[in-house]
Amino acid sequence: AAPIVPTAKPVKPSPMRPLEPDRNRGSPAVVPAFPHPGGKMQDLAVATNPPGANAVIDGAGANCITPCTLQVPPGLHSLSLRLEGYQEERREVHIANDPQDVPLVSLRKTSGVLMITTVPTGAAITINGRVQGQPTPAQIDLPPGTYTVMVEKNGRRAVDRVEIRNGNTNFVKITLE
């Protein structure tokens with residue numbers, strides 16, 4: 001098999017679609033490359049928003065930092081894009097006998113959700129010392145991490161520590177009475 005080598009060249013658009021989850025394993029399926037007999041390496045241009053993601057073909061080996069171009073043999077390939085603080089994105093890419101351009105991939109920040117309610121409702125919310133603009137009940141998106149949450153109403157105050165994990169929703173109910 002020919003090595004996959006990063007290069008920098010303008011290329012043509014490519015048909016592609018997101019990988020479907022493998023229903024049995026719960027994770028995106030990785031499809032190995034099946035080069036066409038006699039097929040030559042083709043350029044695959046990859047760009048992300050924001051730039052700087054690590055683009056990897058078929059799970060290992062060849063990679064580059066976006067925006068970049070990889071040389072890939074014809075066939076079906078798995079492209080994964082990783083950038084610290086963002087969710088991993090995966091795409092299935094079919095490489096034919098022409099250079100191709102992956103449509104711009106917008107990366108999504110890692111985050112979780114804090115759903116907070118109080119009895120009584122209408123309490124002011126402070127997270128890590130920063131006052132939030134909405135009273136309880138509230139839904140607040142936060143990056144993964146541990147937070148100190150304070151709620152206050154009518155001179156009564158309560159403090160709780162909450163751990164937010166990527167993709168999870170934390171439900172917190174605090175009684176101030």
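Note that the structure is predicted; figures quoted are calculated from it, not measured.
- Atom-to-atom distance recorded for Arg82:CZ and Arg90:CZ is 6.0 Å, nearest 0.5 angstrom.
- Nearest heavy atom pair, residue Gln132 against residue Arg130, reads NE2-O, 3.0 Å.
- Taking the side chain as every heavy atom from C-beta outward, Glu89 and Arg108 approach each other to under 4.5 Å.
- The OG1 atom of Thr126 lies 4.0 Å from the CE atom of Met150; values are rounded to the nearest 0.5 Å.
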Next on the checklist: side-chain contact (heavy atoms from CB on, under 4.5 Å) for Ile65 and Asn54? Distances and angles first, verdict last.
Outcome noted: CA-CA 5 Å; Ile65 303 300; Asn54 187 24; 3.9 Å; yes

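- Counting only distance, with no hydrogens or angles, the side chain of Asn97 and the backbone of Pro74 share no donor-acceptor pair below 3.5 Å.
- A donor-acceptor contact shorter than 3.5 Å links the side chain of Gln134 to the backbone of Gln139.
- Considering Leu70, Asn63, Val46, Val93 as possible partners of Ile57, the one that fulfils the side-chain contact (heavy atoms from CB on, under 4.5 Å) test is Leu70.
- In terms of heavy atoms, Cys68 sits closest to Ala55 at SG-CB, 4.5 Å.
- Linking ILVMFWY residues whenever their side-chain heavy atoms come closer than 4.5 Å, directly or via other members, leaves Phe171 and Ile174 in distinct clusters.
- Between the Asn166 side chain and the Ser111 main chain, a donor and an acceptor come within less than 3.5 Å of each other.
- By the criterion of side-chain heavy atoms lying less than 4.5 angstrom apart, applied directly or through intervening Ile, Leu, Val, Met, Phe, Trp or Tyr residues, Ile127 is grouped together with Leu176 in one hydrophobic cluster.
- Under the 4.5 Å side-chain heavy-atom criterion for Ile, Leu, Val, Met, Phe, Trp and Tyr, Val172 and Ile164 are members of the same hydrophobic cluster.
- The cluster map of Ile, Leu, Val, Met, Phe, Trp and Tyr, joined by side-chain heavy atoms under 4.5 Å apart, puts Val151 and Ile140 in the same cluster.
- Note that CZ of Arg156 and OG1 of Thr175 are 11.0 Å apart. Values are rounded to the nearest 0.5 Å.
- Inspection of the Asp43 and Gln100 side chains reveals no N or O donor paired with an N or O acceptor under 3.5 Å.
- For the pair Glu88/Ser80, a side-chain contact is recorded, criterion being any heavy-atom separation below 4.5 Å from C-beta on.
- The CD atom of Glu92 sits 8.0 Å away from the OG atom of Ser78 when rounded to the nearest 0.5 Å.
- Clustering ILVMFWY residues whenever any of their side-chain heavy atoms sit less than 4.5 angstrom apart, transitively, puts Leu107 in a cluster other than the one holding Leu142.
- Here the OG1 atom belonging to Thr110 is positioned 8.0 Å from the CD atom belonging to Glu84, to the nearest 0.5 angstrom.
- For the pair Arg165 and Pro144, the minimum side-chain heavy-atom distance is 4.5 Å or more.
- For the pair Ile95/Pro73, no side-chain contact is recorded, criterion being any heavy-atom separation below 4.5 Å from C-beta on.
- Of the inter-residue distances, the one linking Leu81 atom CG with Thr66 atom OG1 reads 7.0 Å to the nearest 0.5 angstrom.
- Listed for the Thr136 side chain is a donor-acceptor partner under 3.5 Å among the backbone atoms of Gly122.
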Checklist entry - Stepwise, does the side-chain contact (heavy atoms from CB on, under 4.5 Å) test hold for Thr146 with Arg161? => result CA-CA 7 Å; Thr146 302; Arg161 289 190 62 79; 3.2 Å; yes

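- Residues Thr48 and Leu83 have side chains not in contact (no heavy-atom distance under 4.5 Å, counting atoms from C-beta outward).
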